[in-house]
Amino acid sequence: MRAIALVLLLTGIALGSPAAKLAKQAQKAEQAGQISKAYLLYAEAAAMEPDNQWYWLKSLALRSRAALQSKPLPKPAQGGAETPAEDVPEIHFDSPTERDWAEARKPLPPAHLDALPGRKDFDLRGDSKVLFERVAQAFGLDCVFDGEYQPAKPFRFHMQRASYPEALRALEASTGSFVVPLSSKLFLVAKDTPQKRNDVEPNVALSMELTQPTTPQELTGLITAVQQATGLQKVSWDTQRNVVVMRGSVSKVLVAQQVFNELLKPRAQVEIDLRLLEITHSDTVHYGVTLPTALQFFAMAYNPSIPQGVTNLLVFGGGQSLIGVAIADAQLAANMTNTNSRLLLSTQVRAVDGQPASIHVGDKYPVMTSGYFGPTNFQGPGAYTPPPSFTFEDLGLEVKATPKVHGMDEVAMDLEASFKVLSGSGVNGIPIIASRELKSTVTLASGEWAVVAGLMQAQQARVLSGIAGLSSLPLLGPLVRTTDRSRDTNDVLLLVRPRLLTAPASQTVTRTYWLGSEARPLSPL
């Protein structure tokens, strides 16, 4: 009665129903070795109650063994009476609708066992069938066996504080079997051979959308690592929709999906503050006394006449001759010029660990590279003036930064910066572009400012002008000369500050995945 009550409890059938009675008879026939009879009884019970999946699965599990035990039917006698065609009942089926076809095309998720929670203690003895049935009963599950499954010799099965995955894994290892979930409460047990795994284990296809920015080279290496770790053969990448598809047995595909998601964790994000500071200072001083360095003499003879343009004339001499000397004016000068300029370009960019981020602050300036500069009044057959061609140069600040996160405290960055401006001059109408390039690698703490690159120029000049010999005298020299002093400085500084926005993948807790051996991978439970 206990076995009958167990069967009725698992199938959910009320005691005394015709299907339950047939199932009880089928179970007795199976225990007695009458596989064909048990198969027919289970099939009849499944026909009485089509919603009961347990009857149908039991009949499928016994079908191959029943076919081996069945005897071939004798050939019908010649001239025997045949069943009239009109006596055969005609069966009509409704045509499938578009909705039925759409529902049939939807893929179903892999089955997963929903066992009772908690841990159990086991101290059992029996063959593999008995042990699988009693362990499944302890966790509120049911099991069916493959039609060609042969139970192992009786042995003792002892475990303490075991969960349902641990208990089923132990039975798989000790009996040379593997478990395939069929529904949330039912699983199939088959002999663990390569042929049986190909025949019984379900094949699935999983698609995973890539949500993180990844280069093709990195994704190819990631897929190769997953294939080598799990032994999965069929992996494809849809570049249009950015989706990775995996195909294979359920024991390999599900583990490959978990490993792939573990390796594809979001990378650390870094916000980079960049500032380009250019300071220009020009200081010019001009002071002193400008004295004439040349005098004009005129021979005036008897008829003195003053040359045109001479205002200051000194005449001296005696007798019949006169000599005129033109005296130039002296100048006292004191000039000073002071110029300061400051240019500041500030920007922010968000980058991913290991991925370069480019920044351009400025304009695109057209520069003519070729043109026609010949005569324009030429006319005649075949006259052609080619149009000019242009290229566009990026003026302003252009920075390429590649961050590399080292834990939660440090960020290393490879920086390439260029600053281009128009120099104000040109050749043949083509402007000359002044360019300054800075390349540097720096390691900074998160939130720390640093000057990672710079260009500093300083020029000083001092010019003395005056009468030769007198302008260099210690006391008299400053009174008879002029002094020009100039000082120019130009400083270009690139300042950078990284700020870590998200934690890197190295700071997350990694998981352990049990794959099993290559010939015997672990089936998902």
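Numbering starts at 1 and runs along the sequence shown. Worth knowing before you read on, the calculation uses all heavy atoms, side chains too, and leaves out hydrogens, waters and symmetry mates.
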[atom1]-[atom2] distance between [X] and [Y], expressed to the nearest 0.5 angstrom:
X	Y	atom1	atom2	value
Tyr164	Arg169	OH	CZ	9.0 Å
Lys191	Ser177	NZ	OG	5.0 Å
Arg462	Asp484	CZ	CG	10.5 Å
Asp273	Gln348	CG	CD	4.0 Å
Lys196	Phe178	NZ	CZ	8.0 Å
Leu141	Leu116	CG	CG	7.0 Å

Which heavy-atom pair separates [X] from [Y] by the least distance, and what is that distance?
X	Y	value
Pro202	Val180	CD-CG1, 3.6 Å
Leu415	Ala401	CD2-CB, 3.4 Å
Ala167	Val135	CB-CG1, 3.9 Å
Glu393	Ile433	CG-CD1, 3.5 Å
Val253	Arg247	CG2-C, 3.8 Å
Gln233	Gln227	O-NE2, 3.2 Å

Which is it for Val179 and Glu172 under the side chain to side chain contact (heavy atoms under 4.5 Å, CB included) test, yes or no, and what are the steps along the way? CA-CA 7 Å; Val179 172; Glu172 285 181 332; 3.3 Å; yes
Identify whether the distance between the nearest side-chain nitrogen and carboxylate oxygen of Arg497 and Glu448 falls below 4.0 Å.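 Between Glu448 and Arg497 there is no salt bridge, as every charged N stays at least 4.0 Å from the carboxylate O atoms.
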Taking Arg499 first and then Glu271, would you say they form a salt bridge - that is, a charged N and a carboxylate O separated by under 4.0 Å?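 Salt bridge: yes.
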Evaluate Phe139 against Leu113 for side chain to side chain contact (heavy atoms under 4.5 Å, CB included), listing each step before the verdict. CA-CA 10 Å; Phe139 289 102; Leu113 295 179; over 6 Å; no
I'd like to check [X] versus [Y] (side-chain heavy atoms, cut-off strictly below 4.5 Å). Are they in contact?
X	Y	answer
Ser486	Gln460	no
Trp237	Val243	no
Leu495	Leu274	no
Tyr365	Lys420	no
Val226	Val235	no
Val244	Glu209	no

Who passes side chain to side chain donor-acceptor pair (under 3.5 Å) against Arg275, sequence neighbours left out?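 Side chain to side chain donor-acceptor pair (under 3.5 Å) check on Arg275 returns nothing, list empty.
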Identify, with sequence neighbours excluded, every residue that meets side chain to side chain donor-acceptor pair (under 3.5 Å) alongside Arg485.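 Side chain to side chain donor-acceptor pair (under 3.5 Å) list for Arg485, sorted by chain: empty.
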For Glu201 and Ser251, which I'm curious about, is there any donor-acceptor pair between the side chains at under 3.5 Å?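 There is such a pair (donor and acceptor under 3.5 Å, judged by atom type) between the side chains of Glu201 and Ser251.
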Please identify each residue that fulfils salt bridge (charged side-chain N to carboxylate O under 4.0 Å, His left out) with [X], with sequence neighbours left out.
X	result
Arg487	Asp283
Lys404	Asp414
Asp192	Arg197, Arg520

So, applying side-chain contact (heavy atoms from CB on, under 4.5 Å) with Leu444, which one of Val411, Asp409, Val496 is it?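 Of the listed options, the one satisfying the test is Val496.
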Side chain to side chain contact (heavy atoms under 4.5 Å, CB included) evaluation trace for Leu188 with Val200: CA-CA 9 Å; Leu188 173 68; Val200 177; 3.3 Å; yes
Hey, is the main chain of Val405 close enough, under 3.5 Å, to the side chain of Asp353 for a donor-acceptor pair?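 It does hold such a pair.
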Donor-acceptor contact below 3.5 Å, side chain Ser446 vs main chain Leu500: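 Judged by distance alone, yes, a pair lies under 3.5 Å.
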Could you walk me through whether Leu501 and Arg350 pass side chain to side chain contact (heavy atoms under 4.5 Å, CB included), step by step? CA-CA 9 Å; Leu501 299 181; Arg350 177 176 294 187; 3.3 Å; yes
Sequence neighbours excluded - side-chain hydrogen bond (donor to acceptor under 3.5 Å, both in side chains) pairs with any residue from residues 112-122: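 For residues 112-122: Arg119-Glu166.
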Evaluation steps, side chain to side chain donor-acceptor pair (under 3.5 Å), between Ser249 and Asn203: CA-CA 4 Å; Ser249 60; Asn203 289 332; 5.2 Å; no
